[in-house]
Amino acid sequence: MTSSLDGRVAFISGAGHGIGKAAAIAMARLGATIGVNDLKEEFVQETVAAVEAAGGRAIPLAQDVSTREGMRAAVLRLASEAGRLDIHVNNAAWVRYQPLAEITPEVMDRMVEIGFKSVIWGIQAAAEAMDAERGGSIINVASIAAVRSPARSVVYSGIKAGVVGITRAAAADLGARGIRVNAVAPGAVPTEGTAKHRNVELDARRIARTPLGRLGTVEDIADAICFLAGDASRFVNADVIHLDGGASQTSLG
Ligand SMILES: NC(=O)c1ccc[n+]([C@@H]2O[C@H](COP(=O)([O-])OP(=O)(O)OC[C@H]3O[C@@H](n4cnc5c(N)ncnc54)[C@H](O)[C@@H]3O)[C@@H](O)[C@H]2O)c1
């Protein structure tokens, strides 16, 4: 079901680690040129090297994309250097879990800036850069926390539910221009970002309530992003693909 992405250009925010890095490698293997965004030059360079090792082409875009200016600068630079933009993935996040009573304005603001606002700035910039005739595909990384919210995740779950709403509303706005907007909603996936939030007991409980009996991998998520990026999903729009082995939609009793 995965289409060739030959000749396409894809922007991925937060591609220095985890799911974003895996998506960069997977899309590059399908032929796309990847705009590799992350906060720090060293993170970006690691993914650029991994994309090139996989035989792909990458353009480094070290930039904080939590602001409108930062996101727009990075996206337009890619479109200018690569000559076009076809795929945009809003993946970057900064995540903290806090008990309700301990949520602080500083942590909430930072999470909202990168997890929520930057998704809107990303869609806005991508829509500006995408060709009026060819259109494009925008993929937002939500979470199953939007439908099955863990403890201490009021800000995170709220943001990810918001990302689902943004996805649907942006699809309504951009469909007439041939721009599709979809989301993936991963369950628990071991990454650099989640290492500090996971432990053996928690993983075992998650696996026990997952019909497929394992945690997700970054490649599981990257492959679904590739599907949404390419022509095989050409009539999929305003949708959310849950990528959690069935955990959020079932009860194993
Ligand atoms: N891993 C999981 O279990 C899981 C589950 C559900 C959803 N998600 C979502 O998937 C996405 C990726 O998660 P991950 O686990 O791979 O994360 P990660 O922490 O491993 O990687 C995120 C990357 O985003 C970058 N980043 C943070 N702020 C940025 C900014 N302002 N500008 C540019 N880059 C920035 C970080 O430097 C980091 O490299 C996130 O949206 C996350 O909420 C992850």
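Indexing begins at 1, ligand by ligand and atom by atom, following the structure's order. Atoms considered below: every heavy atom in the structure, side chains included; atoms not considered: hydrogens, waters and symmetry mates.
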**Request:** Heavy-atom distances under 4.0 Å are what count here, so tell me which part of Ala188 touches ligand 1: side chain, backbone, both or neither.
**Result:** backbone
**Request:** For atom 36 (C) of ligand 1, find the nearest protein heavy atom and state the residue, atom name and distance (0.1 Å precision).
**Result:** Asp38 OD1, 3.4 Å
**Complete:** min-distance protein heavy atom vs atom 31 (N) of ligand 1 -> Asp64 OD1, 2.8 Å
**atom 42 (C) of ligand 1: nearest protein contact (heavy atom, Å)** = Tyr156 OH, 3.7 Å
**Item:** Single-linkage hydrophobic cluster, 4.5 Å side-chain cutoff, Ile19 and Leu243 together
**Value:** yes
**Asked** At under 4.0 Å between heavy atoms, which part of Ile114 makes contact with ligand 1: side chain, backbone, both or neither?
**Response** side chain
**Message:** Check whether Asn90 reaches the backbone of Val141 with its side chain - one donor and one acceptor, N or O, closer than 3.5 Å.
**Reply:** no
**Asked** Do Asn199 side-chain atoms and Glu201 backbone N/O form a donor-acceptor pair below 3.5 Å?
**Response** yes
**Prompt:** What residues form a side-chain contact (heavy atoms from CB on, under 4.5 Å) with Ala172, not counting sequence neighbours?
**Reply:** none
**Asked** Would a distance-only check, ignoring hydrogens and angles, find a side-chain to backbone donor-acceptor pair under 3.5 Å from Thr250 to Gly246?
**Response** yes
**Message:** For Lys160, which part has a heavy atom under 4.0 Å from ligand 1: side chain, backbone, both, or neither?
**Reply:** side chain
**Request:** Using a 4.0 Å heavy-atom cut-off, say whether Ala15 meets ligand 1 through its side chain, its backbone, both or neither.
**Result:** neither
**Message:** Using salt bridge (Lys or Arg N to Asp or Glu O under 4.0 Å), reason through Glu113 and Arg110 one step at a time and then give a plain yes or no.
**Reply:** CA-CA 5 Å; Glu113 271 160 20; Arg110 187 67 189 146; 3.6 Å; yes
**Message:** Keeping Ser137 on the side-chain end and Gly230 on the backbone end, is there a donor-acceptor pair under 3.5 Å?
**Reply:** no
**Prompt:** Considering Gly187, Gly20, Ser66, Gly115, which one's heavy-atom position lies nearest to atom 5 (C) of ligand 1?
**Reply:** Gly187
**Asked** Picking from Val89, Ile225, Asp239, what satisfies side-chain contact (heavy atoms from CB on, under 4.5 Å) with Val184?
**Response** Ile225
**Prompt:** Can you check whether Phe227's main-chain N or O pairs, donor with acceptor, with Ser233's side chain at less than 3.5 Å?
**Reply:** yes
**Prompt:** What's the shortest distance from atom 10 (O) of ligand 1 to any protein heavy atom, and which residue and atom give it?
**Reply:** Val141 CG1, 3.2 Å
**Message:** Checking the side chain of Ser13 only, and the main-chain atoms of Asn91 only, is there a donor and an acceptor separated by less than 3.5 Å?
**Reply:** yes
**Request:** Please state whether the rings of Tyr97 and His197 are parallel, tilted or perpendicular, taking 30° and 60° as the class boundaries.
**Result:** perpendicular
**Message:** Keeping Glu46 on the side-chain end and Gly16 on the backbone end, is there a donor-acceptor pair under 3.5 Å?
**Reply:** no
**Request:** Look only at interatomic distance and state if Val65 has a nitrogen or oxygen under 3.5 Å from any nitrogen or oxygen of ligand 1.
**Result:** yes
**Per-atom contacts of ligand 1 with Ile19, taking only distances under 4.0 Å to non-hydrogen atoms** = 10 (O), 16 (O), 44 (C)
**Prompt:** At a non-hydrogen distance cut-off of under 4.0 Å, which region of Ile144 contacts ligand 1 (side chain, backbone, both, or neither)?
**Reply:** neither
**Message:** Within ligand 1, which atoms have a heavy atom of Arg110 less than 4.0 Å away?
**Reply:** 31 (N)
**Message:** Counting only nitrogen or oxygen atoms and a 3.5 angstrom limit, does His17 reach ligand 1?
**Reply:** yes
**Message:** With a 4.0 Å cut-off on heavy atoms, is Ala145 in contact with ligand 1?
**Reply:** no
**Asked** Looking only at protein heavy atoms, which one is nearest to atom 3 (O) of ligand 1, and how far off is it?
**Response** Val189 N, 2.8 Å
**Asked** Counting only heavy atoms not in Arg177, do more than 12 sit closer than 6.0 Å to its CZ atom?
**Response** yes
**Prompt:** Any Lys/Arg nitrogen of Arg134 or Asp86 sitting under 4.0 Å from an Asp/Glu carboxylate oxygen of the other?
**Reply:** yes
**Request:** Would you mind running through ligand 1 and noting each atom that sits below 4.0 Å from a heavy atom of Asn37?
**Result:** 33 (C), 34 (N)
**Fill in**
For Gln63, the atoms of ligand 1 under 4.0 Å from one of its heavy atoms are 32 (N), 33 (C)
**Asked** Which ligand 1 atoms, with their elements, are less than 4.0 angstrom from a heavy-atom of Gly193?
**Response** 18 (P), 19 (O), 20 (O)
**Message:** Counting non-hydrogen protein atoms only, what is the nearest one to atom 24 (O) of ligand 1? Give residue, atom name and distance.
**Reply:** Gly14 CA, 3.3 Å
**Residue, atom name and distance, where the atom is the protein heavy atom closest to atom 27 (C) of ligand 1** = Ala93 O, 3.4 Å
**Subset of ligand 1 atoms that lie under 4.0 Å from at least one heavy atom of Ala92** = 24 (O), 26 (N), 34 (N), 35 (C)
**Asked** Out of Thr191, Leu215, Leu39, who gets a non-hydrogen atom closest to atom 14 (P) of ligand 1?
**Response** Thr191
**Prompt:** Can you tell which part of Met111 has a heavy atom less than 4.0 Å from ligand 1: side chain, backbone, both or neither?
**Reply:** neither
**Prompt:** atom 40 (C) of ligand 1: which protein heavy atom is closest, and how many Å away?
**Reply:** Asn91 O, 3.1 Å
**Prompt:** Does Ser149 offer a backbone N or O that forms a donor-acceptor pair with the side chain of Ser157 under 3.5 Å?
**Reply:** no
